[in-house]
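Taking it in order: structure first as structure tokens, then the write-up.
Naming convention: chains lettered A, B, ... in sequence-line order (proteins, then strands); numbering from 1 in each chain. Atom set for the values below is all heavy atoms of this structure, side chains included, hydrogens, waters and symmetry mates excluded.
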Amino acid sequence: MGQLDRLASQDTPVHRLDPRAKVLTTLVFLVCVVSFSKYSILGMVPFALFPIAMASEGRLPLRFLARKLVAVAPFAIFIGMFNPWLDRDVIMYLGDIGISGGWVSYASIIGRFLLTTSAALVLIGTTGMMGVCMAIERLGAPDVFATQLLFLYRYIFVLGEEAMRMSRARALRSFGSHGMGMHVYGQMLGQLLLRTYDRAQRVYLAMQCRGFDGHVRVMRTLRLTGRDVTFTLGWSAAFVLFRLYNVPLLVGHFVTGLIT
Amino acid sequence: MSHHSIAVTDLAFAYPDGTDALNGVTFEITHGESVAIVGANGAGKSTLLMHLNGFLSPASGSVRIGDIPVTKGTLPGIRKTVGMVFQDPDDQLFMPTVYEDVAFGPVNLGLPAEEIDTRVTEALTRVDALKLKDRPPYRLSGGEKRAVAIATVLAMWPNVLVMDEPSSNLDPKARRRLIELLGTFEHTKIIATHDLDLALDLCDRTIIMSNGTVAADGPTHEIFRDDALLATSGLERPLAMQGCPVCGGNLSP
């Protein structure tokens, strides 16, 4: 996560785009990808262009993105796990092998996961969490929402450290299976919650001390330029096109048409 | 009258669970004074500090900052006057970058953009942390965090600085730098600390708290020489006033 922050502070043409442009474009991207029918795979392929182009223009190392994707992958893998069992009707053939609808929809879920998650990672990696929060607030999301997101991001580091310290302290005084059970785990989680609650109160005091009145005011000014508008409209148009027409299929037909 | 003075009269406070934290605390601090508040753990130091900024309201007695009593209605003004540096900088640095964190207070004061920039730059320069301005606070070292936490308060241009354990968790060099830095401030300072050597270096006057009351209030040098008083308050002489561990000789006057 810290690395994502460092990457976000780079200076590339993608980083210089207005956060709002990137957030909006990503939003259109997400809606288009998610709205595909449950058996589509091929139609989604062109969408990979967006995260790949952004990542390479924004100088985000692909290995880093791949590592992050793998880290969240279990969610997607578990969500679709039972599809192959539940939906056994063969809906397509690859050569002579019949493939059931379950496997196709499972692959579709994985594909969607890869696209949406990489787009989100690329967005944060080129904009920074602060930029994203600011953008969603300027775009009309409730203030509370943006503030929550901001604080979540800020304190996840502190919380993570605290949790790590607690678990280290436990491991030091646990021998083998003694003390490592679920029971203690539950108590530790409770402790962590209480500590978090206390900290939240102290942070709130600190904010009040400095005149906090319910609105986090940000100093950075945002300016939309022609570049931003072109970026948003261009990509959005491409997404809608990819969504309405199955581009790989059309290309396939075209090529086979040329050959025959 | 000046906003730099503090008058605490007969202050009493009990926590909702029934713990008596303060039992009739009275003192007065005048313009430009630098006062250490020392005492054993649980003596009521932090509770007292919480009253100076109106975070807790007294069960009885009163707190006045300058000629303004601390009440709900006067809180915004009081909080602008009294700058508070918390014990854990992580509680105080909540914005995504150092610059934005230091700007948080001035922005809330509704200052114009150029003024905010001037204040932030000035505050960060003062604590020698200007080079950190684009860094996220959680990536700083302990000493850097402390310096930035102080800058966040300085940028509000407070008249009174209240600090809770400013030297805790600092390495000796960072601690020394902090002491030198605090020594350059002309604000009225109230420092709650267990670091009696810091008190000796920075504060001419010391208030000893014990069981929610003021056990002693006087010149730091005199107070720290009174071994009987220190013992009953759970304290001991600052290291600088103890014998040399090698030769046993007493270095201090």
Side-chain angles (χ1 to χ4, degrees), chain A residues 1-11 15 19 124 127-135 137 146-162 164-165 195-221, chain B residues 46 49-50 52-56 75-97 99-117 119-120 134-140 145 149 151-156 158 162 164:
Chain A
M1 218 147 174
Q3 195 179 356
L4 209 52
D5 259 343
R6 258 199 308 284
L7 291 170
S9 61
Q10 297 181 101
D11 189 28
H15 284 81
I124 298 174
T127 315
M129 201 59 183
M130 179 71 186
V132 174
C133 291
M134 255 168 70
E137 199 206 323
T147 312
Q148 281 287 347
L149 202 59
L150 201 65
F151 278 75
L152 176 73
Y153 189 66
R154 165 67 180 88
Y155 282 100
I156 199 121
F157 293 91
V158 178
L159 183 70
E161 246 171 58
E162 200 142 328
M164 209 148 68
R165 278 201 300 270
R195 287 189 193 192
T196 311
Y197 186 73
D198 274 352
R199 183 179 296 275
Q201 233 160 11
R202 290 198 302 270
V203 172
Y204 181 59
L205 286 186
M207 294 176 72
Q208 277 190 316
C209 242
R210 290 195 274 147
F212 179 68
D213 57 0
H215 296 279
V216 174
R217 295 176 183 78
V218 181
M219 293 197 47
R220 295 184 214 175
T221 43
Chain B
S46 297
L49 295 194
M50 298 288 232
L52 300 181
N53 216 326
F55 289 137
L56 297 176
L75 276 188
I78 294 287
R79 289 186 176 154
K80 208 176 112 191
T81 313
V82 181
M84 181 128 180
V85 180
F86 286 61
Q87 189 172 354
D88 183 353
D90 261 323
D91 293 340
Q92 196 156 5
L93 306 175
F94 42 78
M95 294 294 277
T97 66
Y99 185 92
E100 273 150 339
D101 210 299
V102 178
F104 183 86
V107 171
N108 284 333
L109 290 178
L111 300 171
E114 315 85 70
E115 169 76 15
I116 292 170
D117 189 63
R119 282 199 184 196
V120 173
D134 295 320
R135 301 260 300 273
Y138 47 84
R139 301 214 148 261
L140 305 178
K145 275 187 193 170
T152 64
V153 172
L154 288 184
M156 308 264 299
V162 176
D164 196 358

| Part of B/Asn53 within contact of chain A (heavy atom distance under 4.5 Å) | side chain
| task | Against chain A, label B/Phe86 side chain, backbone, both or neither, depending on which of its atoms sit under 4.5 Å from a heavy atom there. | result | side chain
| message | How close do A/Gln208 and B/Phe55 get, counting heavy atoms only, and between which atoms? | response | OE1-CE2, 3.9 Å
| task | Return the option, out of B/Ile78, B/Asp134, B/Asp101, B/Leu75, with the maximum number of heavy-atom pairs under 4.5 Å with chain A. | result | B/Asp101
| query | Tell me, side chain or backbone of A/Tyr155 under 4.5 Å from chain B's heavy atoms, or both, or neither? | reply | side chain
| request: Indicate the atoms forming the closest heavy-atom contact of B/Arg139 with A/Gln3, along with that distance. | output: NH2-N, 4.3 Å
| Leading residue by heavy atom contact count with chain A [cutoff under 4.5 Å; candidates B/Val85, B/Val82, B/Thr152] | B/Thr152
| Contacting region of A/Met129 [heavy-atom separation from chain B under 4.5 Å] | neither
| query | Do other residues, nucleotides or ligands put more than 12 heavy atoms under 6.0 Å from B/Glu115 CD? | reply | yes
| said: Set out, in order, the CA-CA distance, both residues' side-chain angles and the distance that settles salt bridge (Lys or Arg N to Asp or Glu O under 4.0 Å) for A/Arg202 and B/Asp90, then state yes or no. | reply: CA-CA 10 Å; A/Arg202 290 198 302 270; B/Asp90 261 323; over 6 Å; no
| said: Quick check on B/Leu93 against chain A: is it the side chain, the backbone, both or neither that has a heavy atom closer than 4.5 Å? | reply: both
| remark: Ranking A/Ser9, A/Cys133, A/Cys209 by heavy-atom pairs under 4.5 Å to chain B gives rank one to A/Cys209
| task | Tell me, for B/Asp88 versus chain A, whether the close heavy atoms (under 4.5 Å) come from the side chain, the backbone, both or neither. | result | side chain
| message | Test side-chain contact (heavy atoms from CB on, under 4.5 Å) on A/Leu205 and B/Met50; report intermediate values, then the result. | response | CA-CA 10 Å; A/Leu205 286 186; B/Met50 298 288 232; 3.6 Å; yes
| query | Rounded to the nearest 0.5 Å, how far apart are CD of B/Gln92 and CZ of A/Arg210? | reply | 5.5 Å
| task | Take the angle between the ring planes of A/Tyr153 and B/Tyr138 and call it parallel below 30°, perpendicular above 60°, tilted in between. | result | perpendicular
